[in-house]
Amino acid sequence: MQTLIDPFARPITYLRVSVTDRCDFRCTYCMSEHMQFLPKKDLLTLEELDRLCSTFIDLGVRKLRITGGEPLVRRNIMAFFRAMSQHLGSGALSELTLTTNGSQLARFAGELADCGVRRINVSLDTLDPNRFAAITRWGRLDQVLDGIHAATEAGLRVKINTVALKGVNEDELFTLVDWCGDQGHDLTFIEVMPMGEMGEEMRLDQYWPLKDLRTRLAERFALTDLAESTGGPARYVRLEETGQKIGFITPLTHNFCESCNRVRVTCTGELYMCLGQEDMADLRAPLRAGPDDALLEQAIRAAISRKPKGHDFDYSRQQVRGQMSRNMSHTGG
Ligand code: SAM
Ligand code: SF4
């Protein structure tokens with residue numbers, strides 16, 4: 001079968017799927033406290049998610065990342081992981097992974113490892129319990145740390161994702177680096193993105209450019225740029241003193257689009273060809289039109305033929321341009 005190649009000759013081999021918009025946290029940069037969630041009937045069922053992901057895998061997707069919302073709060077989500085693990089078994093899929101807030105890992109880490117998950121991303125912005133409660137509103141740090149511990153025990157490699165928030169976790173830069181070093185976790189910093197409908201002012205207030213963060217890191221460590229690219233927005237450096245690898249996801253200040261190999265599907269089956277553009281294709285209708293996957297495949301191919309060259313985020317001149325109205329919890333970060 002012809003695999004998916006976009007108009008700029010980029011093969012589409014990486015799919016991120018949001019399996020729910022719901023979450024047990026309410027991180028200030030991601031959701032409002034009284035978030036209105038979608039009606040359940042609008043969400044893809046686990047069977048629909050299975051069909052959808054399996055079709056993408058048939059079309060050449062090799063890497064699948066499950067996200068949300070919080071993927072591990074979706075009821076019976078392990079059934080979906082088990083279904084996807086069969087594609088690992090057959091060799092069609094080379095990696096199955098997830099991005100999680102870690103709150104449910106103590107429960108699920110073992111099963112995830114059994115399903116062939118080898119690496120996970122856990123979002124953690126602070127190691128201070130009070131600050132953690134303030135950022136996540138509903139989260140408890142010790143639960144997440146227990147979850148991370150369970151993941152490590154189950155043999156999963158953990159990468160910590162930390163959103164760099166000016167005036168919030170700036171003073172923990174080295175604490176987080178040291179902790180990850182001690183625990184053997186990779187660490188990636190994410191620049192806060194203009195997602196959702198949060199006040200523009202607050203967003204610009206929290207904006208801590210990663211080039212500043214990098215300059216601070218360079219005051220203590222010798223940094224070596226690493227050439228490796230995942231096709232995504234992350235760039236990596238090695239801290240020569242400790243050998244740690246630190247990532248930077250700077251979608252707003254660097255153009256990473258030329259090597260983009262990924263697309264995203266929301267929990268309602270909307271396929272976004274670019275995180276920073278509004279264009280999308282509805283895959284739920286072809287999924288629900290009947291059991292035949294031909295319509296679905298057609299809709300996917302038509303959408304990929306419209307994948308744009310890049311996005312338009314721009315924080316310059318203190319304006320949030322190209323601001324997207326979708327929340328990260330809907331699109332999946
Ligand atoms: N609930 C899971 C978690 O927190 O890892 C998965 C979904 S969450 C939307 C995925 C990632 O997006 C997290 O690392 C989170 O920190 C990040 N994120 C959410 N809102 C963001 C924003 N406005 N800017 C940058 N990153 C954001
Ligand atoms: Fe939930 Fe993740 Fe969004 Fe935080 S960042 S509210 S944990 S979806």
Side-chain angles (χ1 to χ4, degrees), residues 14 27 29 63 65 67 94-95 97-102 105 109 112-113 117-129 131-132 135-136 139 141-142 144-193 206-254 256 259 333:
Y14 181 3
C27 302
Y29 49 74
K63 179 169 173 182
R65 177 175 293 280
T67 177
S94 57
E95 187 169 29
T97 178
L98 95 146
T99 302
T100 174
N101 66 22
L105 277 176
L112 287 167
V117 175
R118 294 286 165 259
R119 302 189 301 162
I120 59 173
N121 290 357
V122 182
S123 305
L124 180 66
D125 302 331
T126 175
L127 289 166
D128 176 281
R131 203 174 270 179
F132 187 87
I135 296 173
T136 63
L141 179 65
D142 53 358
V144 170
L145 294 180
D146 286 350
I148 293 173
H149 182 70
T152 313
E153 290 284 291
L156 302 175
R157 264 203 79 75
V158 173
K159 178 161 78 78
I160 300 295
N161 279 340
T162 299
V163 177
L165 297 163
K166 190 172 185 155
V168 179
N169 59 6
E170 250 181 302
D171 59 349
E172 282 189 83
L173 173 62
F174 295 116
T175 319
L176 282 159
V177 169
D178 293 345
W179 181 78
C180 286
D182 288 346
Q183 304 288 315
H185 307 316
D186 286 331
L187 172 61
T188 290
F189 291 100
I190 308 177
E191 207 159 63
V192 77
M193 286 199 275
Q206 291 187 346
Y207 180 54
W208 181 18
L210 292 195
K211 69 171 172 26
D212 295 357
L213 187 152
R214 194 194 146 108
T215 307
R216 293 252 324 264
L217 265 184
E219 287 164 9
R220 186 177 303 183
F221 298 102
L223 310 183
T224 305
D225 283 303
L226 300 177
E228 72 190 82
S229 163
T230 56
R235 306 209 168 181
Y236 296 95
V237 297
R238 191 174 50 237
L239 308 185
E240 289 306 335
E241 289 78 356
T242 65
Q244 273 170 280
K245 193 172 91 171
I246 306 284
F248 302 98
I249 298 185
T250 53
L252 305 171
T253 51
H254 281 101
F256 57 86
S259 60

Over all heavy atoms of both residues, which pair between E172 and R131 is shortest? Give the atoms and the distance, please. OE2-NH1, 2.8 Å
Atom CG of L127 and atom OG1 of T175: how far apart are they, to the nearest 0.5 Å? 7.0 Å
At their closest point, which heavy atom of T126 faces which heavy atom of D128, and how far apart are they? OG1-N, 3.0 Å
Any side-chain heavy-atom pair from F132 and L145 closer than 4.5 angstrom? no
side-chain contact (heavy atoms from CB on, under 4.5 Å) partners of A164, counting only residues at least two apart: W208, L210, L213
For the residue pair R216 and F174, establish whether any side-chain heavy-atom pair is separated by less than 4.5 Å. yes
Taking all heavy atoms of Y236 and all of T188, pick out the closest pair and write down the distance. CE2-OG1, 4.1 Å
Answer whether the closest heavy-atom distance between the side chains of R157 and D186 falls below 4.5 Å. yes
Here the pair of heavy atoms bringing R238 nearest to L226 is NH1-CD2, 3.6 Å
With side-chain contact (heavy atoms from CB on, under 4.5 Å) as the test, would you mind laying out the steps for T152 and Q183 before giving the verdict? CA-CA 9 Å; T152 313; Q183 304 288 315; over 6 Å; no
Kindly indicate whether the side chain of T224, heavy atoms from C-beta on, has any atom under 4.5 Å from the side chain of E240. yes
Here the pair of heavy atoms bringing N169 nearest to D125 is ND2-O, 3.0 Å
Between E95 and R119 (salt bridge meaning N to carboxylate O under 4.0 Å), is one present in this structure? yes
With side chains defined as the heavy atoms from C-beta onward, is the minimum distance between N121 and R65 less than 4.5 Å? yes
Working for side-chain contact (heavy atoms from CB on, under 4.5 Å), residues V163 and F189: CA-CA 6 Å; V163 177; F189 291 100; over 6 Å; no
Gap separating the CG atom of L112 from the CG atom of L105, nearest 0.5 angstrom: 7.0 Å
Any side-chain donor near an acceptor of the partner, T242 and Q244, under 3.5 Å: yes
Step by step, work out the side-chain contact (heavy atoms from CB on, under 4.5 Å) result for N101 and T136. CA-CA 10 Å; N101 66 22; T136 63; over 6 Å; no
For the residue pair I190 and Y29, establish whether any side-chain heavy-atom pair is separated by less than 4.5 Å. no
Just how far is it from atom CD of E191 to atom OH of Y207, taken to the nearest 0.5 Å? 3.5 Å
A side-chain contact here means heavy atoms from C-beta on lying under 4.5 Å apart; do V177 and F221 qualify? yes
Passes side-chain contact (heavy atoms from CB on, under 4.5 Å), I148 versus I160? Steps please. CA-CA 9 Å; I148 293 173; I160 300 295; 3.9 Å; yes
So which heavy atom on T99 is nearest to which on S123, and how close? CG2-OG, 4.2 Å
